[in-house]
Undergrad: 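Pasting a structure here, questions to come.
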Amino acid sequence: MMNLTIYKSFPYQILFLLCIGVSLFANYELTFAVWVLTLLMTIKRKYSVTIIKYSAIFLTILSVAVVSTLFSATTVFLFIRDFTYLVKPILGLVVGYQLCRFSSKLALKVIVYTGLAIALMHLIMLFFTVLEFRTLSVNLLREHGGYFSDYEIYVLIILIFYKNLKVEISKNQRRILLVIIGLSSFLYLARTNLIQFIILYIGLKGYLIYSKRSLKVILFVALGAIIGYTTIVYINPKREGKGIQAFLYKVKIAPVEAFKTRIDKDDWKDFNDNYRSFENIIAVKQVSSKGNRAVFFGEGLGSTLNLGRKVWTNDHEYVQYIPIVHNGYMTVFLKSGLLGVFLLLIFLVVLYRQKRSDIEAVQSINYLLIGTSVFLIVSNWVFLGLYLKLDNKSIIIGFLIALREVIIRENNRQKGIENE
C-alpha cells in the first residue's frame with residue numbers, strides 16, 4: 001500500500017489559498033466569512049508588537065467611526081455592514097500573520113504556488129469567456145476574469161528577486177512560473193497593477209530609501225513615464241477602441257480621472273471618465289455641510305454618500321446612496337473624518353519605516369513592505385487600499401511580517417548551533 005503523508009502545515013496552506021483566492025470573487029460576504037473562520041481556527045498564543053501596532057491603527061480608525069455613529073441616525077444593518085468594511089484591514093493583517101506556520105523555505109513556496117493557482121484560474125476564466133462571447137473586448141474580459149490581482153504582482157516580484165529572498169526553486173520552474181503568472185497579470189490590463197509592479201521593483205532594489213543614487217533612479221523612471229505617457233497621448237487611443245487600445249485610452253485619461261475638480265454631470269463621457277473625481281467632490285461637500293464635528297470625526301458607521309443620481313455599479317445594480325467610494329482616504333473621511341485620514345497616513349509612515357537588517361532575506365522583506373507603503377498611497381486614492389472588498393494586501397502584509405520573524409528565529413538558531 002502507498003503511504004499518504006499529510007504534514008501539519010498542510011491545513012494552513014489550504015487556508016492561505018482559500019483566503020487569497022476567495023477575495024478575487026465578487027462576493028464580500030463569502031470573503032468575510034472565510035477570513036473570520038480562518039481567524040478563529042488559527043489563533044496564536046503570542047503576537048509581535050509590530051502586528052499589534054499595525055492593527056491598532058486601523059482599530060482606532062474603526063473606534064472613531066463607532067463613536068461618531070452616536071451622533072448620527074442609522075440602522076442596525078447599515079451599522080454592521082460598515083463595521084465589516086472597516087474591520088477588514090485588521091482581519092486581514094491578523095489572518096495573514098496567523099497563517100504563517102511554516103519554515104521560511106516552505107512559506108515562500110506557499111506564496112509562489114498560491115500565485116500559480118490563482119493565475120491558472122484567471123487564465124481558464126478568460127479562455128471560457130472568449131469561447132462563450134467570441135470577443136477580445138477588454139471590458140468584457142475584465143468583467144468576467146477580474147479587474148486586477150495585486151497578489152500575482154507580489155509573486156512576480158518574489159520570483160524576480162528569488163535570490164535575495166532565498167526562494168529555493170529550479171531555473172526551469174521559475175521560468176515557467178514567470179511566464180504563466182506574468183501572462184495572467186498582463187491580461188488584467190490594470191493600470192494600478194502596472195504602477196504596483198514598478199514601485200515594488202524599485203523598492204526591492206532599495207531605491208525607495210533616500211540616497212543620491214535612488215533619487216537619480218526615481219527621476220529616470222519618472223522621465224520614462226512622462227515619455228511613455230506623451231507617446232500614448234500622441235497615438236491618441238479612442239474610447240471606443242478594442243483590445244490594447246481600450247487599455248491605452250484608460251492610461252491616457254488616468255492623470256485627470258481621479259483628480260479633476262469640475263465635472264459636467266450632463267456630459268456622460270465626462271461623468272464616466274472622471275467618476276472617481278465626482279465621488280471625491282461629493283464626499284467633501286457632504287461631510288463639510290454637516291459641520292466641524294463631521295469634518296474632524298466623520299459621520300460614523302452606516303453613513304452613505306448621496307450621489308444625487310442613480311449610477312450603474314460593478315455589482316450590476318443602480319444605486320444613489322453608497323457606503324464606500326473608490327478613494328480610501330475619502331471613505332475614511334466619510335466614516336471617521338480628518339482624524340481617521342490622519343491615522344491612515346500614520347499607518348503608511350509606520351509601514352514605510354522598516355528597521356534595516358543584516359540578514360539579506362529579512363532586508364528584502366523590509367524593502368517589499370516599504371514598496372507596499374508607497375504603493376498604498378496610490379492604491380488608497382484610486383482603489384480603496386486595504387479597505388477594498390476584493391483586496392488581499394492586508395493578508396500579504398501580515399504574512400510577510402510573520403515570515404520575517406520566522407527567518408530571524410531561524411538565523412538566530414543557526415548562529416547558536418555554529419557557536420556551540
Undergrad: Under the salt bridge (charged side-chain N to carboxylate O under 4.0 Å, His left out) rule, what pairs show up with a residue in residues 74-84, not counting sequence neighbours?
TA: Asp82-Lys335
Undergrad: Could you list the donor-acceptor pairs under 3.5 angstrom formed by side chains in residues 192-203, with sequence neighbours left out?
TA:
residue : atom : partner : partner atom : Å
Asn193  : OD1  : Ser149  : N            : 3.0
Asn193  : ND2  : Asp150  : OD1          : 2.9
Asn193  : ND2  : Gln196  : OE1          : 3.1
Gln196  : NE2  : Asp150  : O            : 3.2

Undergrad: Hey, does Leu99 have a side-chain heavy atom less than 4.5 Å from the side chain of Cys19?
TA: yes
Undergrad: Can you tell me if Thr331 uses its side chain to pair, donor with acceptor, with the backbone of Val325 under 3.5 Å?
TA: yes
Undergrad: Identify every side-chain donor-acceptor pair in residues 157-169 under 3.5 Å, counting partners at least two apart or on other chains, and give the distances.
TA:
residue : atom : partner : partner atom : Å
Lys166  : NZ   : Glu360  : OE1          : 2.8
Glu168  : OE2  : Lys105  : NZ           : 3.2

Undergrad: For Lys355, does its backbone N or O pair with a side-chain atom of Asn366 as donor and acceptor, under 3.5 Å?
TA: yes
Undergrad: Should we count CZ of Phe342 as having more than 12 external heavy atoms under 6.0 Å?
TA: no
Undergrad: So, do Leu223 and Leu219 sit near enough that their side-chain heavy atoms are less than 4.5 Å apart?
TA: no
Undergrad: According to the interplanar angle, ranging from 0 to 90°, do the rings of Tyr28 and Phe32 count as parallel (below 30°), tilted (30 to 60°) or perpendicular (above 60°)?
TA: tilted
Undergrad: Has the side chain of Gln286 got a donor or acceptor atom that lies under 3.5 Å from a matching backbone atom of Asn306?
TA: yes
Undergrad: Any heavy-atom pair between the side chains of Ser68 and Arg293 that's under 4.5 Å?
TA: yes
Undergrad: Can you name the residues that form a ring-ring contact (aromatic ring centres under 6.0 Å, His included) with Phe133, not counting sequence neighbours?
TA: His144
Undergrad: Kindly write out the residues that satisfy salt bridge (Lys or Arg N to Asp or Glu O under 4.0 Å) with Glu152, not counting sequence neighbours, or none if the list is empty.
TA: none
Undergrad: Rounded to the nearest 0.5 Å, how far apart are OG1 of Thr114 and CG of Asn392?
TA: 10.5 Å
Undergrad: Spell out, as yes or no, whether a donor-acceptor pair under 3.5 Å connects the side chain of Arg276 to the backbone of Trp381.
TA: no
Undergrad: Check whether any side-chain heavy atom of Ile396 lies under 4.5 Å from a side-chain heavy atom of Tyr151, and answer yes or no.
TA: yes
Undergrad: Whether the side chain of Ser184 engages the backbone of Ile180 through a donor-acceptor N/O pair (distance < 3.5 Å, no angle test) should be reported.
TA: no
Undergrad: Taking only residues two or more places apart in sequence, or in another chain, which ones meet Lys53 in a salt bridge (Lys or Arg N to Asp or Glu O under 4.0 Å)?
TA: none
Undergrad: Test side chain to side chain contact (heavy atoms under 4.5 Å, CB included) on Val233 and Lys252; report intermediate values, then the result.
TA: CA-CA 6 Å; Val233 172; Lys252 185 181 77 170; 4.2 Å; yes
Undergrad: Compare all side-chain heavy atoms of Leu388 with those of Phe148 and state whether any distance is below 4.5 angstrom.
TA: yes
Undergrad: Measure the acute angle between the ring planes of His326 and Tyr275, then classify it against the limits of 30° and 60° as parallel, tilted or perpendicular.
TA: perpendicular
Undergrad: Going by salt bridge (charged side-chain N to carboxylate O under 4.0 Å, His left out), name the pairs with one or both residues in residues 181-196, residues two or more places apart or in two chains.
TA: Arg191-Glu257
Undergrad: Under 3.5 Å, is there a donor-acceptor pair linking the side chains of Ser357 and Gln363?
TA: no
Undergrad: To the nearest 0.5 Å, what is the distance between SG (Cys100) and CD1 (Ile111)?
TA: 7.5 Å
Undergrad: Taking Ser211's backbone N and O only, do any of them form a donor-acceptor pair with Ser214's side chain (distance below 3.5 Å, no angle check)?
TA: yes
Undergrad: What are the two closest non-hydrogen atoms of Ala361 and Ile407, and how far apart are they?
TA: CB-CD1, 3.9 Å
Undergrad: Is any side-chain heavy atom of Tyr321 closer than 4.5 Å to one of Leu307?
TA: no
Undergrad: Lys393 vs Phe375, test: side chain to side chain contact (heavy atoms under 4.5 Å, CB included). Steps then yes/no.
TA: CA-CA 11 Å; Lys393 288 190 292 297; Phe375 172 63; 3.9 Å; yes
Undergrad: Assess the side chains of Ser103 and Glu410: does a donor N or O sit below 3.5 Å from an acceptor N or O?
TA: no
Undergrad: Can the ring centroids of Phe71 and Phe297 be said to lie less than 6.0 angstrom from one another?
TA: no
Undergrad: Sequence neighbours excluded, which residues qualify as ring-ring contact (aromatic ring centres under 6.0 Å, His included) partners of Phe102?
TA: none
Undergrad: Distance-only, no hydrogens or angles: does the Asn380 side chain make a donor-acceptor pair with backbone N or O of Leu376 under 3.5 Å?
TA: yes
Undergrad: Show your reasoning for whether side chain to side chain contact (heavy atoms under 4.5 Å, CB included) applies to Val341 and Met330.
TA: CA-CA 8 Å; Val341 175; Met330 288 299 170; over 6 Å; no
Undergrad: Going by ring-ring contact (aromatic ring centres under 6.0 Å, His included), name the residues that satisfy it together with Tyr54, two or more places apart in sequence or in a different chain.
TA: Phe347
Undergrad: Where the side chain of Ser23 meets the backbone of Ile20, is there a donor-acceptor pair that is under 3.5 Å apart?
TA: yes
Undergrad: At their closest point, which heavy atom of Ile397 faces which heavy atom of Leu93, and how far apart are they?
TA: CG2-CD2, 3.7 Å
Undergrad: When rounded to the nearest 0.5 angstrom, what is the spacing between CG in Leu351 and CD1 in Ile346?
TA: 13.5 Å
Undergrad: Looking at every heavy atom in both Leu334 and Pro323, which two are closest together, and how far apart are they?
TA: CD2-O, 3.9 Å
Undergrad: What salt bridge (charged side-chain N to carboxylate O under 4.0 Å, His left out) pairs are there with at least one residue in residues 370-380, not counting sequence neighbours?
TA: none
Undergrad: Has the side chain of Gln98 got a donor or acceptor atom that lies under 3.5 Å from a matching backbone atom of Thr42?
TA: yes
Undergrad: Check Phe16 against Val110 and note the closest heavy-atom contact, atom names and distance.
TA: CD2-CG1, 3.6 Å
Undergrad: Hey, what do you get for NZ (Lys205) to CZ (Arg213), rounding to the nearest 0.5 Å?
TA: 8.5 Å
Undergrad: Test of understanding: with ring-ring contact (aromatic ring centres under 6.0 Å, His included), list the residues that count as partners of Tyr47, not counting sequence neighbours.
TA: Tyr97
Undergrad: Taking all atoms of both residues into account, what is the closest heavy-atom pair of Val350 and Ile57, and its distance?
TA: CG2-CD1, 4.3 Å
Undergrad: Between CE of Met125 and CG of Leu120, what distance do you get to the nearest 0.5 Å?
TA: 11.0 Å
Undergrad: Hey, are the side chains of Gln13 and Lys109 touching, using non-hydrogen atoms and a 4.5 Å cut-off?
TA: no
Undergrad: Hey, is the main chain of Pro89 close enough, under 3.5 Å, to the side chain of Tyr387 for a donor-acceptor pair?
TA: no
Undergrad: Identify every side-chain donor-acceptor pair in residues 58-67 under 3.5 Å, counting partners at least two apart or on other chains, and give the distances.
TA:
residue : atom : partner : partner atom : Å
Thr60   : OG1  : Ala56   : O            : 2.8
Ser63   : OG   : Leu59   : O            : 2.8

Undergrad: Side chain to side chain contact (heavy atoms under 4.5 Å, CB included) for Val95 and Phe399? Distances and angles first, verdict last.
TA: CA-CA 8 Å; Val95 166; Phe399 194 91; over 6 Å; no
Undergrad: Are Arg404 and Ile359 side-chain neighbours, meaning at least one heavy-atom pair lies under 4.5 Å?
TA: no
Undergrad: Above 12 or not: heavy atoms from other molecules or residues under 6.0 Å from CZ of Arg309?
TA: yes
